[in-house]
Amino acid sequence: EIPLKYGADRLGKRSDAAMQKFRDNRLGAFIHWGLYAIPGGEWNGKVYNGAAEWLKSWAKVPSDEWMKLMDQWNPQNFDARAWAKMARQMGVKYVKITTKHHEGFCLWPSKYTKYTVTNTPYKRDILGELVKAYNDEGIDVHFYFSVMDWSHPDYRYDIKSKEDEEAFSRFLEFTDNQLKELATRYPTVKDFWFDGTWDASIKKNGWWTAHVEKMLKDLVPGVTINSRLRADDYGKRHFDSNGHLMGDYESGYERRLPDPVKDLKVTRWDWEACMTVPENQWGYHKDWTLSYVKTPLEVLERIVHAVSMGGNMVVNFGPQPDGDFRPEEKQLAESIGRWMKKYGECIYGCDYSGWEKQAWGYYTRKGKDVYMVVFNPPYSKHLVVKTPVGTEIVKAVTVNGGKDVKITETARNEYNVDMPDKDPGEPFVIKLETKEKTSETDKYRDALT
Ligand SMILES: C[C@@H]1N[C@@H](C(=O)NCc2ccccc2)[C@H](O)[C@@H]1O
């Protein structure tokens, strides 16, 4: 291994209670809310197909003109308690809130910039109200924070001169101050999820990313930090130059997921995926017909897929400029919530099973119990299950029904699990109770070939 001063400061998964809670939560929601919600993808009469929170970039709007949107920031229908109730009903255990996105507008009354909620007609500390409302519902709050800040004159995409160096040094101090503000004003925060860290300027300052991780962990004991913050001595990101994961969990699965058969390496570390409901809209876009919008079942499959591989999934919501949610997002939250109410025990506190994935769906595991989450019921009416050598199935019961399901051993470590006698009409879950095989001998003989 090569010596590193700013590489991973820990090998292997964190094993403390705070990280276990992060892991057990499994299902989260993203809230992308900022000035970009006001134009909703349209600028000077032209609708842009790209991500709505990047409209300033697509429409090439100068920052001082973009920040004038603050004069229109007045979300009269914003109700933090209603947002928290919606999250609880969806069954999410945590919510990641954009404290500041690339545009530089802060949802909290930061002392270090004029671009905050304080200097809008609305005035109120939106972040503070959301932290309290979610926490009151027993929901953990995570902070999204974009290092890249288009509103700040000292931000640099690269460091090419002494002037760049001095400006960026001022910018990093400004960023430190904002992060200390967030950590001290809202001490119940459980995680910082950094974004906007891909530029050369950050890669050339890996030391600073290591300093931020340490600073926040000193200020908020137990807090988790995503790998996307981190660059090492040589600008290597997420995984250091020795291949070790930096931060507490990998955060590279944005709008994509690891292959459940070919990418099993991710099961060796903690990771969290995040996803949009349209193809690529995080902030509010007024026209969702411009790209495919995932159905609740397609969102659910991605949630189960992530958990089946030992990861978390964060589903994105982009609130309207008035502070309410669009109907599609309210319906999605209700639909996912109904399913989680019945079958959520196969999600919360569950992990990768280590079993060989089958066509009918995904496995998750909790202790010695293995859950079969069935999305594709077979015409054979039998769900094929192959157990690892040394493991046998004791019994099978339907989740949310508690009915025994017949299992038939068909070969060594192979079983047919019957389908429930009544078609649930939705993805359903069967819980397998397992035990370690006692006798080594079995009645099977391998073919001689
Ligand atoms: C979680 C997402 N990450 C932000 C993002 O900038 N993603 C990468 C990206 C880079 C370049 C053009 C568009 C998008 C998106 O705006 C969301 O906040």
Side-chain angles (χ1 to χ4, degrees), residues 27-41 43 47-61 63 66 69 92 94-107 127 130 141-152 155-158 175 178 182 191-203 209 224-231 237-238 247 249-257 271-286 288 290-291 293-294 299 302-303 306 311-319 321 329:
L27 175 60
F30 233 136
I31 294 285
H32 271 77
W33 204 31
L35 298 177
Y36 43 77
I38 296 168
W43 197 262
V47 174
Y48 292 77
N49 293 7
E53 72 285 355
W54 275 73
L55 177 63
K56 175 187 178 296
S57 179
W58 312 139
K60 298 182 173 44
V61 184
S63 196
W66 181 263
L69 287 167
V92 301
Y94 66 103
V95 176
K96 305 185 95 97
I97 307 168
T98 51
T99 59
K100 180 180 82 171
H101 204 261
H102 313 330
E103 65 183 3
F105 177 63
C106 302
L107 291 187
L127 187 62
L130 284 172
V141 171
H142 294 193
F143 285 165
Y144 165 109
F145 184 92
S146 175
V147 176
M148 176 172 72
D149 182 333
W150 293 330
S151 77
H152 201 289
Y155 185 74
R156 292 292 181 278
Y157 292 97
D158 198 352
T175 306
Q178 286 204 314
L182 286 169
D191 172 88
F192 280 82
W193 197 92
F194 287 92
D195 200 9
T197 52
W198 46 75
D199 287 324
S201 53
I202 309 279
K203 293 198 279 190
T209 72
T224 47
I225 302 289
N226 71 328
S227 63
R228 194 178 296 199
L229 163 67
R230 299 282 278 102
R237 298 182 60 232
H238 295 274
Y249 58 94
E250 187 191 358
S251 55
Y253 291 102
E254 177 177 316
R255 298 192 296 120
R256 66 188 178 97
L257 280 172
W271 59 281
E272 178 195 70
C274 53
M275 64 174 287
T276 50
V277 180
E279 189 273 329
N280 182 15
Q281 291 297 341
W282 299 90
Y284 175 77
H285 195 295
K286 56 183 64 173
W288 266 21
L290 295 173
S291 79
V293 177
K294 296 173 198 67
V299 171
R302 285 164 175 76
I303 294 167
N312 287 19
M313 174 56 86
V314 184
V315 179
N316 184 71
F317 291 80
E329 291 184 345

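Note: hydrogens, waters and symmetry copies are ignored here, and every other heavy atom, side chains too, is used. We count residues from 1, following the sequence as given. Numbering of ligands and ligand atoms starts at 1, following listing order.
- Side-chain contact annotation: Ser251 with Ser227, donor-acceptor N/O pair under 3.5 Å present.
- Remark: of the listed residues Trp66, Trp54, Tyr36, Trp54 is the sole one forming a ring-ring contact (aromatic ring centres under 6.0 Å, His included) with Trp150.
- Within the listing of ligand 1, atoms 15 (C), 16 (O), 17 (C), 18 (O) sit less than 4.0 angstrom from a heavy atom of His101.
- The atoms of ligand 1 that sit less than 4.0 Å from any heavy atom of Tyr144 are 18 (O).
- Between Gly41 and Ala52, the shortest heavy-atom distance links the atoms N-CB, 4.2 Å.
- Protein heavy atom closest to atom 8 (C) of ligand 1, with residue, atom name and distance, is Trp198 CH2, 3.9 Å.
- Among all non-hydrogen protein atoms, the one lying nearest atom 10 (C) of ligand 1 is Trp54 CZ2, 3.6 Å.
- Salt bridge Glu254/Arg228: present, at least one basic N to carboxylate O contact under 4.0 Å.
- In this structure, Asp158 CG and Asp199 CG are separated by 8.0 Å, a value rounded to the nearest 0.5 Å.
- When only non-hydrogen protein atoms are considered, atom 15 (C) of ligand 1 lies nearest to Glu53 OE2, 3.4 Å.
- Side-chain atoms of Glu329 and Tyr284 include no donor-acceptor pair closer than 3.5 Å.
- From the protein, the heavy atom lying nearest to atom 3 (N) of ligand 1 is Asp195 OD2, 2.7 Å.
- Atom 1 (C) of ligand 1 has as its closest protein heavy atom Glu254 OE1, 3.6 Å.
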